[in-house]
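Residue numbering restarts at 1 for every chain, and letters A, B, ... go by the order of the sequence lines.
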Number of protein chains: 2
Amino acid sequence: MLKLSRLTDYAAVVMAQIARYPEQAHAATELAEAVQLPHPTVSKTLKMLVRAGLLESRRGSLGGYRLARPATLITASDIIGAIEGPVAMTECSHADGDCDLVATCGVADNWQRVSLAIRTLLDSVTLAHLAQESPLKLPVQLPIQSVTLASRAEI
Amino acid sequence: MLKLSRLTDYAAVVMAQIARYPEQAHAATELAEAVQLPHPTVSKTLKMLVRAGLLESRRGSLGGYRLARPATLITASDIIGAIEGPVAMTECSHADGDCDLVATCGVADNWQRVSLAIRTLLDSVTLAHLAQESPLKLPVQLPIQSVTLASRAEI
DNA sequence: TCTATTGAGGACCATTTTAGTCCCCTATCG
DNA sequence: CGATAGGGGACTAAAATGGTCCTCAATAGA
């Protein structure tokens with residue numbers, strides 16, 4: 001399925017909500033209502049987003065959350081990473097490859113390329129994109145060409 | 001992390017192994033050894049791949065598994081789908097949207113676009129690609145441009 | 001300074017998912 | 001027939017996930 005966790009989903013929704021009114025601070029309670037999700041859960045999500053540096057928080061009355069930087073500079077990768085950790089399709093696609101099957105695996109390199117391609121894709125989608133209302137159900141324009149997996153011919 | 005399950009990983013490795021010697025039938029035991037994984041686990045994976053129509057099996061002595069179609073016609077999506085079910089990033093990105101938050105969500109459409117882009121990417125990677133030994137650690141060529149999220153200007 | 005408000009941090013539990021194993025049945029070949 | 005394969009599915013252990021709750025800390029304003 002390659003699915004996002006539910007919390008990640010919440011995170012995106014909440015971030016989008018904040019992004020639509022970037023000037024004001026948003027209290028967790030307010031967001032929970034706007035988004036129709038239980039308060040404790042939204043709160044938890046918000047905390048994670050703060051820790052990841054995507055939101056800034058302020059306590060006390062008149063406190064709340066706001067974006068740490070413009071929505072155009074926050075990517076889908078950032079949000080996913082904030083909740084689930086860095087995007088990596090396979091066990092071995094993060095730096096310190098502690099996979100002891102490299103020898104017999106034979107697909108590691110290629111998965112990493114695919115993984116990188118997905119990460120790049122997710123890097124190119126910003127919160128501004130996500131937040132933007134697009135009620136039109138257009139089929140996606142797909143400028144994506146197939147990934148070039150290194151083959152000798154191309155070197 | 002947007003990670004593949006471990007079984008999916010195994011599936012890819014095993015499929016690649018088979019793809020390298022497409023003519024002969026491969027017994028589960030043989031594959032388990034080649035790939036250095038416990039036999040029951042490999043076996044389970046193989047069964048799933050058969051059920052998904054990616055492998056054909058033959059019982060009895062001289063039996064084993066072989067590709068149901070050429071490696072160039074089996075995609076990464078196929079393999080992931082065989083183990084984890086169809087690729088879909090969010091709860092609501094599969095057909096029958098039973099998500100009752102559509103109203104307050106506001107990002108569903110856009111996630112679906114992203115999801116589709118990833119699926120397309122995974123569709124473009126074939127087992128032949130994955131199986132091919134590419135000892136060269138080239139940085140990936142990335143012909144991927146940003147996803148065009150429908151904005152009014154472009155309609 | 002006191003109080004109401006709001007976030008921080010983390011403990012905690014229930015549920016689901018995942019991984020892995022095992023057993024018994026069926027098919028094929030010689 | 002008997003040896004060698006795979007098919008199906010039950011079962012368990014372990015981990016991840018989702019969700020709740022409680023206590024502490026900061027801030028603003030009366």
* To do: Taking all non-hydrogen atoms of both residues into account, name the closest pair between Asn110(B) and Leu130(A) and its distance.
  => ND2-O, 3.0 Å
* Test log, rule side-chain contact (heavy atoms from CB on, under 4.5 Å), inputs Leu54(A) and Met48(A) -> CA-CA 9 Å; Leu54(A) 303 188; Met48(A) 291 195 253; over 6 Å; no
* To do: Locate the shortest heavy-atom distance separating Ala19(B) from Pro22(B); write the atom from each residue and the value.
  => O-CG, 3.4 Å
* To do: Heavy atoms only: give me the nearest Tyr21(B)-His26(B) pair and the separation to one decimal.
  => O-NE2, 2.9 Å
* Residue pairs, two or more places apart or on separate chains, that pass salt bridge (charged side-chain N to carboxylate O under 4.0 Å, His left out) and touch residues 35-47 of chain B -> none
* Structure fact -> Closest non-hydrogen atoms of Leu121(B) and Ser124(B), given as atom of the first, atom of the second and distance, are O-OG, 2.6 Å
* Base, backbone or nothing for each nucleotide of nucleotides 14-28 of chain C, written B, S, -, heavy atoms under 4.0 angstrom, 5' to 3'? -> -----BBB----BBB
* To do: Specify the separation, in whole Å, of atom CG of Leu31(B) and atom C1' of dT4(D).
  => 16 Å
* Asked: Once you round it to whole Å, what is the distance between C1' of dT27(D) and CZ of Arg66(A)?
  -> 14 Å
* **Atom pair distance, as rounded to whole Å: CG in Leu49(B) and P in dG6(D)** => 13 Å
* List in chain and number order the residues that pass salt bridge (Lys or Arg N to Asp or Glu O under 4.0 Å) with Arg51(B), two or more places apart in sequence or in another chain; answer none if no residue qualifies. => none
* Keeping to residues at least two apart or across chains, list the salt bridge (charged side-chain N to carboxylate O under 4.0 Å, His left out) pairs with something in residues 13-35 of chain A. => Arg20(A)-Glu133(A)
* **Note: Asp78(A)-Arg69(A) ion pair, threshold 4.0 Å (strictly below)** => yes
* Would you say dT6(C) has OP1 or OP2 under 4.0 Å from some side-chain N or O of Ser57(A)? -> no
* Are side-chain N/O atoms of Ser77(B) and Asp123(B) paired as donor and acceptor at under 3.5 Å? -> yes
* Structure fact -> When the rotation axes relating C1' atoms of four end pairs to the next four are compared across the helix from dT1(C)-dA30(D) to dG30(C)-dC1(D), five pairs an end, they differ to 10° by 20°
* **Atom pair distance, as rounded to whole Å: CE in Met48(A) and P in dG7(C)** => 15 Å
* Structure fact -> Numerically ordered, the residues 15-30 of chain A set in heavy-atom contact under 4.0 Å with DNA chain C is His26(A), Ala27(A), Ala28(A)
* Would you mind reporting whether Leu2(B) and Met89(A) have side-chain heavy atoms less than 4.5 Å apart? => no
